[in-house]
Amino acid sequence: MPQSDELARAFVHVQEVFPFTDYVDSIVYHETRSIVEALEPLISPFAGKRLLDIGSGPMDKTAILSLMGFDCCAVDDLADPWHMREGNKAKIIAFSERLGIKFHHQQEGDHSVPFQSASFDVVSLLSVIEHLHVSPREILNTAGEYLKPGGLLVVVMPNSVNLRKRLSVLRGRTNHVPVDQFYACVGTWRGHVR
């Protein structure tokens with residue numbers, strides 16, 4: 001992978017400037033590396049290519065991809081419980097501004113995407129699908145609307161039957177979120193839905 005040094009530099013930089021300690025860890029690195037490895041043979045170099053991250057969350061991976069050359073835009077409602085604590089939403093928005101990510105903060109019930117249709121080389125849904133309580137058809141159609149002809153849709157979601165999780169289940173542990181987290185949730189559950 002010719003861009004591995006560039007990826008490593010981008011990752012370290014995001015680790016240094018990310019507003020939340022210990023969030024950008026080896027898992028983020030390996031997930032982002034997998035995305036880069038999948039994209040590289042298809043659209044390399046990344047410089048000047050446009051990427052839209054739908055459901056971007058805190059934009060950790062978006063920031064890494066931006067530092068690798070993508071012109072990044074992102075949308076999210078930032079309504080997860082941890083986004084709402086201790087000024088975290090403002091920290092996320094400031095982080096996106098600092099790294100030049102064009103971020104649109106969606107409001108509750110408004111899932112608009114204020115960017116030009118058919119203008120992105122890549123549209124990503126990174127760890128979004130598993131949080132939906134409805135069919136993913138609408139969000140996938142929206143993603144397709146913003147892709148250029150021949151553009152790439154990147155959908156990433158956890159594998160609930162990977163080897164580590166299978167072994168855990170064999171040892172009597174669940175591969176689902178602890179039930180007390182779901183039970184204690186006030187309002188809409190925003191965790192994984194399986």
Side-chain angles (χ1 to χ4, degrees), residues 7-36 50-115 120 122-134 136 138-139 142-143 146 154-158 176-194:
L7 172 62
R9 282 191 299 275
F11 174 78
V12 168
H13 181 70
V14 170
Q15 254 187 334
E16 291 170 351
V17 300
F18 198 69
F20 307 103
T21 307
D22 298 327
Y23 189 96
V24 181
D25 58 11
S26 63
I27 293 170
V28 170
Y29 175 80
H30 291 293
E31 289 174 349
T32 309
R33 187 186 76 194
S34 294
I35 294 165
V36 168
R50 296 192 73 217
L51 182 141
L52 170 61
D53 191 7
I54 297 176
S56 61
M59 292 175 266
D60 49 321
K61 294 177 189 83
T62 319
I64 294 168
L65 294 167
S66 176
L67 290 170
M68 292 191 69
F70 280 104
D71 175 14
C72 290
C73 299
V75 297
D76 198 295
D77 63 5
L78 298 179
D80 287 359
W82 79 271
H83 295 149
M84 312 291 239
R85 288 193 302 258
E86 304 160 11
N88 287 349
K89 193 181 297 189
K91 290 175 186 176
I92 293 167
I93 293 169
F95 172 72
S96 73
E97 290 170 358
R98 180 176 181 180
L99 289 178
I101 299 167
K102 296 164 207 74
F103 177 67
H104 172 66
H105 184 196
Q106 298 168 318
Q107 301 303 311
E108 186 175 339
D110 170 27
H111 296 105
S112 63
V113 179
F115 304 110
F120 290 92
V122 177
V123 174
S124 61
L125 297 163
L126 308 177
S127 299
V128 173
I129 298 283
E130 68 273 14
H131 295 271
L132 299 177
H133 289 259
V134 296
E138 186 175 330
I139 196 167
T142 297
Y146 289 90
V154 177
V155 178
V156 175
M157 66 183 99
H176 297 285
V177 176
V179 72
D180 62 330
Q181 289 181 17
F182 177 71
Y183 181 79
C185 177
V186 176
T188 302
W189 169 251
R190 304 246 330 172
H192 289 191
V193 178
R194 295 189 176 132

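Below, each value reflects all heavy atoms present in this structure, side chains not excepted, and no hydrogens, waters or symmetry copies. For clarity, every value in this text was computed on a predicted model and none was experimentally measured.
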Closer than 3.5 angstrom, by distance alone: can the side chain of D25 be matched with the main-chain N or O of V28 as a donor-acceptor pair? yes
Quick one, T32 and F11 - any side-chain contact, counting heavy atoms below 4.5 Å? no
Can you see which heavy atom on S96 is nearest to which on F103, and at what distance? OG-CB, 3.6 Å
Pairwise distance CG(D22) to CD(Q15) - rounded to 0.5 angstrom: 9.0 Å
Calculate, to the nearest 0.5 Å, the distance between atoms CG and NZ belonging to D76 and K89 respectively. 9.5 Å
Taking side chain as C-beta onward, heavy atoms only, is R50 less than 4.5 Å from C73? yes
Got a second to check how far T62's OG1 is from I101's CD1, nearest 0.5 Å? 5.5 Å
Can you check whether L67 reaches H13 side chain to side chain, under 4.5 Å on heavy atoms? yes
Among D53, I139, I54, V155, side chain to side chain contact (heavy atoms under 4.5 Å, CB included) partner for V128: I139
To the nearest 0.5 Å, how far apart are CG in L65 and CG in L126? 7.5 Å
Using a 3.5 Å distance criterion without hydrogens, assess whether the side chain of Q107 forms a donor-acceptor pair with backbone atoms of H105. yes
Heavy-atom distance under 4.5 Å between the side chains of V12 and Y29, does that happen here? no
Kindly indicate whether the side chain of L78, heavy atoms from C-beta on, has any atom under 4.5 Å from the side chain of I93. yes
For the side chain of N88 and the backbone of W82, is there at least one donor-acceptor N/O pair under 3.5 Å apart? yes
Distance from S66 atom OG to M59 atom CE, nearest 0.5 Å? 11.0 Å
Would you check if H111 and V75 make a side-chain contact, meaning some heavy-atom pair closer than 4.5 Å? no
When rounded to the nearest 0.5 Å, the distance separating NE2 of H83 from NZ of K91 is 12.5 Å
Which label fits F20 and F18: parallel for a plane angle under 30°, tilted from 30 to 60°, or perpendicular past 60°? perpendicular
For Y146 and V113, indicate whether the former's side chain and the latter's backbone hold a donor-acceptor pair under 3.5 Å. yes
Validation row: V36, M68 side chains within 4.5 angstrom (heavy atoms): yes
With a sphere of 6.0 Å drawn around CG of D110, does it hold more than 12 non-hydrogen atoms of other residues, nucleotides or ligands? yes
Side chains of L51 and S124, heavy atoms from C-beta outward: is any pair under 4.5 Å? yes
From CA spacing to verdict: side-chain contact (heavy atoms from CB on, under 4.5 Å), K102, D71: CA-CA 9 Å; K102 296 164 207 74; D71 175 14; 2.4 Å; yes
